[in-house]
Amino acid sequence: MRKLAEKVVLVAQICITLVFAITALLNNTNLIYPEQDGNGVNNAADYAVANNGVLTTLIWVLFIAYLGLSAYMLYVNFSERENLKRVLLFCDSESATHTTTKVVHRIIADCAKQTDGITVKKTRVRPDEKQGFAINLKVKVSADNVSQAIDTFRCMLADSFKNTLGLTFNSINFEVVKLNTHYSTSIRKAEEQAEKLGEQREIADEIYNEPLDNDINLDCVIEEKKNNDASDNL
């Protein structure tokens with residue numbers, strides 16, 4: 001469908017260009033104006049004035065149409081949003097085997113049903129710079145641990161593609177477009193961490209501003225930090 005649209009746009013651009021060229025040629029050679037009337041009087045100027053509004057309107061319409069078609073062609077040729085309809089599975093010197101993106105979408109949908117907290121909103125399969133294929137997924141996540149849910153889903157996809165179609169995508173990219181989570185942070189814990197961070201910042205500022213005149217024992221500070229990290233890990 002996209003290739004057909006490109007061909008139609010290209011033909012329309014060529015037609016508009018030809019109309020511009022023919023109009024400019026006739027206008028410059030005065031072939032679109034009659035030179036004399038029946039009595040031998042030159043009325044080309046009167047004819048030009050009468051038709052100037054129509055010609056100007058036509059030129060503006062063609063110009064706007066040409067500008068819009070050109071913008072579309074630039075977008076199509078330079079955008080990275082190319083969607084594939086078929087994906088090559090394997091080939092040799094005598095044959096090639098492809099699958100459609102509908103099959104890929106079906107596998108993605110089946111894996112999403114088995115993964116808790118993942119809903120696929122949009123899928124795009126495109127070629128990448130490594131002469132292979134990549135998948136871009138827009139997903140809705142309903143899990144407290146987003147990274148674990150995404151990693152689980154990605155591993156299921158990779159395993160399904162490899163063991164059913166023998167297909168390996170160079171990259172499987174995710175974009176979280178909506179997040180529903182029940183996680184609630186602890187205000188008390190955040191306040192304690194902020195207080196500890198403020199104390200560390202004061203010590204660092206004192207060391208930085210008065211590196212030779214302070215009475216801070218760096219070994220004690222480092223040892224205290226190690227003890228705090230060890231207690232946090234426990």
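Please read all numbers here as calculations on a predicted model, not as lab measurements.
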Chemist: Do V139 and V146 belong to the same hydrophobic cluster, where Ile, Leu, Val, Met, Phe, Trp and Tyr are linked whenever their side-chain heavy atoms lie under 4.5 Å apart, directly or via other members?
Modeler: yes

Chemist: Please round to the nearest 0.5 Å and tell me the distance separating atom OG of S142 and atom CG of D116.
Modeler: 10.5 Å

Chemist: For D110, give me all partners under salt bridge (charged side-chain N to carboxylate O under 4.0 Å, His left out), at least two apart in sequence or on another chain.
Modeler: R106

Chemist: By side chain to side chain donor-acceptor pair (under 3.5 Å), which residues pair with T168, not counting sequence neighbours?
Modeler: none

Chemist: Working note: V125 + F169, criterion side-chain contact (heavy atoms from CB on, under 4.5 Å); need CA distance, chi angles, decisive distance, verdict.
Modeler: CA-CA 10 Å; V125 182; F169 286 93; 4.1 Å; yes

Chemist: Would you indicate whether E175, at its atom CD, is surrounded by more than 12 heavy atoms from other residues, nucleotides or ligands within a distance under 6.0 Å?
Modeler: yes

Chemist: Show the numbers, then the answer: is there a side-chain contact (heavy atoms from CB on, under 4.5 Å) between L137 and L157?
Modeler: CA-CA 11 Å; L137 298 171; L157 290 176; 3.7 Å; yes

Chemist: Report whether I107 and I150 are members of the same hydrophobic cluster (ILVMFWY, side-chain heavy atoms less than 4.5 Å apart, transitive linking).
Modeler: yes

Chemist: Nearest 0.5 Å please: distance from the CD1 atom of I172 over to the CE atom of M156.
Modeler: 12.0 Å

Chemist: Say you draw a straight line from NZ of K196 to CZ of R201; how long is it, rounded to the nearest 0.5 Å?
Modeler: 14.0 Å

Chemist: If you measure from NE2 on H98 to CG on L165, what distance do you get to the nearest 0.5 Å?
Modeler: 13.0 Å

Chemist: Over all heavy atoms of both residues, which pair between A96 and L88 is shortest? Give the atoms and the distance, please.
Modeler: CB-CD1, 4.2 Å

Chemist: Can V177 be reached from I118 by stepping across I, L, V, M, F, W or Y side chains whose heavy atoms are under 4.5 Å apart?
Modeler: no

Chemist: Return the NZ to NZ distance between K138 and K121, rounded to the nearest 0.5 Å.
Modeler: 11.5 Å

Chemist: I'd like to know whether CG of N163 has more than 12 heavy-atom contacts from other residues, nucleotides or ligands below 6.0 angstrom.
Modeler: yes

Chemist: Evaluate the criterion side-chain contact (heavy atoms from CB on, under 4.5 Å) for residue pair F174 and D151; output intermediate values, then yes/no.
Modeler: CA-CA 10 Å; F174 296 89; D151 288 341; over 6 Å; no

Chemist: For L197, is the CG atom crowded, meaning more than 12 foreign heavy atoms sit under 6.0 Å from it?
Modeler: yes

Chemist: Just how far is it from atom OG1 of T119 to atom CG of N180, taken to the nearest 0.5 Å?
Modeler: 9.0 Å

Chemist: Would you say V120 and F133 are hydrophobically clustered, going by side-chain heavy atoms of ILVMFWY under 4.5 Å?
Modeler: yes

